[in-house]
Protein chains: 2
Amino acid sequence: MCGIVGYIGPRDAFPVLIKGLKQLEYRGYDSAGVALLNGSLETFRKKGKVADLEAFVEGKSPAGKVGIGHTRWATHGEPNDVNAHPHTSMNGIFSLVHNGIIENYAKLKSDLSEQGYVFKSETDTEVLANLIEYFYRQDEEMTSEDAVQLALSKVVGAYGIAVLCANEKEKIVVARKGSPLAIGLGVNEYFIASDALPIAEYTQQVIYLNDEDIAVLQRAGCTLKNVRNNPVSLTISNLDLEIGALDKGGFEHFMLKEIYEQPLTLEETFRGRLRNDHSEIVLGGLLDVFPKLEQAGRIIIIGCGTSWHAALIGEYLIEEYAQTPVEVEYASEFRYRNPVIGEKDVVILISQSGETADTLAALRLAKEKGATVLGICNVAGSSLARETDAGVYTHAGVEVGVASTKAFTAQVAVLTMIALQLAKRKETIDAETYRMLVKELSETPAKGRLILESNKKIAAIAEKYKEAVNALYLGRGYLFPVALEGALKLKEISYVHAEGYAAGEMKHGPIALIDDNLPVIVVAPQDAYYEKVVSNIQEVKARKGNVIAVVTEGDTGLHEMVNDVIEIPRSHLAVAPLLAVIPLQLLAYHIAVLKGCDVDRPRNLAKSVTVE
Amino acid sequence: MCGIVGYIGPRDAFPVLIKGLKQLEYRGYDSAGVALLNGSLETFRKKGKVADLEAFVEGKSPAGKVGIGHTRWATHGEPNDVNAHPHTSMNGIFSLVHNGIIENYAKLKSDLSEQGYVFKSETDTEVLANLIEYFYRQDEEMTSEDAVQLALSKVVGAYGIAVLCANEKEKIVVARKGSPLAIGLGVNEYFIASDALPIAEYTQQVIYLNDEDIAVLQRAGCTLKNVRNNPVSLTISNLDLEIGALDKGGFEHFMLKEIYEQPLTLEETFRGRLRNDHSEIVLGGLLDVFPKLEQAGRIIIIGCGTSWHAALIGEYLIEEYAQTPVEVEYASEFRYRNPVIGEKDVVILISQSGETADTLAALRLAKEKGATVLGICNVAGSSLARETDAGVYTHAGVEVGVASTKAFTAQVAVLTMIALQLAKRKETIDAETYRMLVKELSETPAKGRLILESNKKIAAIAEKYKEAVNALYLGRGYLFPVALEGALKLKEISYVHAEGYAAGEMKHGPIALIDDNLPVIVVAPQDAYYEKVVSNIQEVKARKGNVIAVVTEGDTGLHEMVNDVIEIPRSHLAVAPLLAVIPLQLLAYHIAVLKGCDVDRPRNLAKSVTVE
């Protein structure tokens, strides 16, 4: 992951860089650093968050109109000052910030060692800095961009980099492969950042680098070439971001704010798409590709983490209503095997940021194999949005909390709309059921608001279980992926080892974990599998486990059987995931807060996962 | 789960019942009990294992030539004396042992309460005993079998039952639906058991009851009818079991013995199937259905627990080599939704015992939808073997350890053979690759033996991590399901919360768990994803996690990077799961032994999962 920023222009660079890094902290916060060109190269680095760097620099008056910065999510070498970016080459000529992983760094490092290079850090990035310097020193005529180009041609792996050269006072060289990089175009100034967020304040015009592009930024202008030293043409995009969204709005944490925003998010996701009379779902972005979806022999849905859970719900919905076989894959697995995909298949890729490295690689593989590729993502103008044939935006608004909440519900809402509309077009659903389900969908925002009223009650339940070190989450059918998602939330932000299971699988292993210390959260709204889930609850209770059940309002049958109950409004099973996930998010949130965890910036994680 | 036994004949029933229960303890060991008919009904019940019951009965001289017995895996009500089977009806007329779950027990219980019935236990079984008694007392002419038939006609759920009636001195009534039940035919005697194991000592002739069959056993003979009171014809099967297999053969535990048997198991599984010159794989059981497999639009593989992990490996192999799309499903999920399956689809079901309730239900659903259904199972004559269109036996021999080991490797070996042979027939593999892979397969037994030589080293590693309360297992591609399986072994027998992940998913959540207490087991033999896995190891080390790596022999590059290394012989990636799983089984075994866990009978679990 990691976040990169850079600035060249008439302003003082340091405040611009620090502000940008803070906006990129969702990408990692193991350490932070900046380098400035002001006659010479000056570097400031510190373990910890950007605020720690700021405190460290205080009083040192960092000066310069050209600079680069970095906030780190550690891959090679533990988080400390020495491993923090920017990394300086051995002879102090180059300073580099890097997002990604150089896979052949061990080989390059040993080659450079033979050339007399010594290394201060354990990072792959320092190897790259020295490799650039090595080429630069081979030839007096060499420019920094040539040295970067030569070095990158030797590199296997992923990178987004920004490079300063002590001998070239007014220049930044940037390049990308795999990791995202945006360049903002001001008047006689350029802004560099891993995403457009830090740029939006200054300009609406951005260039998104493509893979293997190298850009040279000088106040006078910008030129592009690629790693093979060929010229590249340049496309300028227009930003349209709501910066105002980045405010906690009175909530203690972004995550809580975003949980509360979900009813609104659903309304935004449905706006203009659900007809008021429930007669039709209009998905403008898919109009042209619906015939392909209808004829698809198979639909493959690909995601990572939370998006993978949304994909599983999509599978159940599409198979149930549209009767098209669906396969769900982890992006990281799909891309490294030889998947059976052809021109008749449709691949749907899901990513909140639209920049998840594995998902983009999967997208490119699917495209190569001739499949129709569709995207579901939240960030307009992201790589996913740009590279797919068509797609649907989730309109969840900016999500800041590292643990995804409203983006998940928006993804599930979009998948539900796709499933129903596909079913309608394939005539695998009758008109009455279709209308009923569209109505059910349209009622989820109001029902979501009712669930949020249980917040205090859920906080009280969290108080009872805050000392737990393990937890099991169980659900069946549509609620099985919700159990997985609930477990992931708790795991991400409270470091409790929570695991989700299909309830029917409990007896094949996880039941061995159950004792009177283990909370078992069962998602059990009244539905077709209700009796089976009740049997599972009996099995847990027979082993003295503590059961927290999410049940349908008014289902008093379970109250006596379990330790704690959270009620959700009655709804059709097909839309229940949109509701049942909310109490699980709140439970995870309150347990994490009670444990004193940094909810919005959990340890080791980063929001947008742009390494492989 | 639960195990049921019964006896009627010239012998003293008690020793026969106790011996049988001990052989069925793999099905549960929460409590045990017997009831004997000797003039009147006499019942002995005790919480704990069969040995505890034996100690409890000592000196009480239980007499009778007719009796039933039970070893329990708790579903409704905690394991104690009162909830132990057999359950006696309120007026002492009936005694009942039961395996399964009566889903509508709450309704039946309240109806019976209105009729004046009171209940001593929390079980669904006592409800059934009283329901039988209720019908029996409605009419003086009523026989016990009629009462059983009337009661079962009201029941929703699964059952294998054996019933004694105090008024009918020489009769046992048995019935089944969902739960397995076998009747052994001796000379003027009958043996009843949940599987054939306890019967094999006395007779080779058995009747496997079909769903909804009711049998009346008297010394004079046996009659069958069904729940709708219609007559049923009777099929006698011939047993062919090696009872000698049930001996630990000098090993401390069955599980360790079975881990060590794996090279032999693989040889047995390959025997007569792999041609010596590697030119062909002969799967006799599938010869007739291969054309269907070749034409299949999609193959769906279904299993639970360990079998589900084998299925995932099968998916990767079949998609890679035979280029047929494969979908893997949990049996418990598949059966409760509306899966898209048609006559062109082939469904492969995997179950060691061939009696897993959810898997059998999935089988019946797939059959109903017109698919070709194939079985992979270990127990000859099991329901799965009888109800599928065709299949392949794993020939792993009797597996006693509750945590499956050799059955898993045998399942994977069978799936590998299916994938390669299908590829050959579809001509999606070239002759050279095919021959090379068959050769690689044939070499796995010898390589497996080499791995077992690391047992002491693995025990030493286990010593270092025996205090861990959590663990992560990571792998990519073919080794991802192996990571899942390794985690499941540790979870099942040591109660350590171990979780497996696709290595690429780590950064989407589980990485939050990593600190210096968490062992991370990485399955990283040298292969196409090696560099990616190395990056994942770096990410773990950067957060101070302890890494135990399973690597290819001679791969010294990783030694410095990780805490502990287990080497396995070099092999082709496609057969690596058969080898890489062995050290993970040994690691789990040693950690469990060091923690003082009952390895062969882990808490809460049962081997054959015949409840839903």
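Chain letters run A, B, ... following the sequence lines, proteins first, then strands; residues in each count from 1.
When all heavy atoms of B/Ile101 and A/Ser535 are compared, the closest pair comes out as CG2-OG, 3.5 Å. Counting all heavy atoms, side chain and backbone alike, A/Ala542 lies closest to B/Gly77 at CB-O, 3.3 Å. Listed here is the closest heavy atom pair of B/Tyr495 and A/Ala512: CD2-O, 3.6 Å.
If you measure heavy-atom distances from B/Ala331 to chain A, you find no contacts under 4.5 Å at all. With a 4.5 Å cut-off on non-hydrogen atoms, A/Thr324 touches chain B through its backbone but not through its side chain. Residue A/Ala487 does not touch chain B at all, counting heavy-atom pairs closer than 4.5 Å. In this structure, the portion of A/Lys544 lying under 4.5 Å from any heavy atom of chain B is its side chain and not its backbone. Neither the backbone nor the side chain of A/Ala106 comes within contact range of chain B; no heavy atoms are under 4.5 Å apart. In this structure, chain B has no heavy atom under 4.5 Å from any part of A/Val534. Within the 4.5 angstrom heavy-atom criterion, only backbone atoms of A/Val326 (N, CA, C, O) approach chain B. Heavy atoms of B/Phe334 lying under 4.5 Å from chain A are absent altogether. Interface remark: B/Ser494 contributes no atoms to any contact with chain A (heavy atom separation under 4.5 Å).
Atom CG in B/Asp358 sits 8.0 Å away from atom NZ in A/Lys532 (nearest 0.5 Å). In this structure, the separation between CZ on A/Arg476 and CZ on B/Arg335 is 7.5 Å, given to the nearest 0.5 Å. Taking CG from B/Leu513 and NZ from A/Lys491, the interatomic distance works out to 6.0 Å, rounded to the nearest 0.5 Å. How far CG of B/Leu573 is from CZ of A/Arg337: 12.5 Å, rounded to the nearest 0.5 Å. One distance of note links NE2 of B/His508 with OG of A/Ser307; it measures 8.5 Å at 0.5 Å rounding.
Ranked by heavy-atom pairs under 4.5 Å with chain B, the list A/Ser332, A/Ala74, A/Gly305 is led by A/Ala74. The greatest number of non-hydrogen atom pairs below 4.5 Å with chain A, out of B/Glu327, B/Glu320, B/Lys489, is found for B/Glu327. Counting heavy-atom pairs closer than 4.5 Å to chain A, the top residue among B/Ile514, B/Ile493, B/Asn83, B/Val540 is B/Ile514. Interface check for chain B: of the options A/His497, A/Glu505, A/Glu499, the most heavy-atom pairs under 4.5 Å are formed by A/His497. With respect to chain A, the highest number of heavy-atom pairs below 4.5 Å among B/Ala502, B/Gly509, B/Pro325 belongs to B/Pro325. Taking chain B as the reference chain and counting heavy-atom pairs below 4.5 Å, the highest number among A/Leu472, A/Ile300, A/Val328, A/Asn470 is found for A/Asn470. Counting heavy-atom pairs closer than 4.5 Å to chain B, the top residue among A/Lys541, A/Glu122, A/Arg298, A/Glu492 is A/Arg298.
Side-chain contact between B/Glu539 and A/Trp73 is present, with at least one heavy-atom pair separated by less than 4.5 Å.
Checked against side chain to side chain donor-acceptor pair (under 3.5 Å), A/Tyr316 has the following partners two or more places apart in sequence or in another chain: B/Glu333. Remark: A/Arg543 engages B/Asp30 in a salt bridge (charged side-chain N to carboxylate O under 4.0 Å, His left out) (not counting sequence neighbours).
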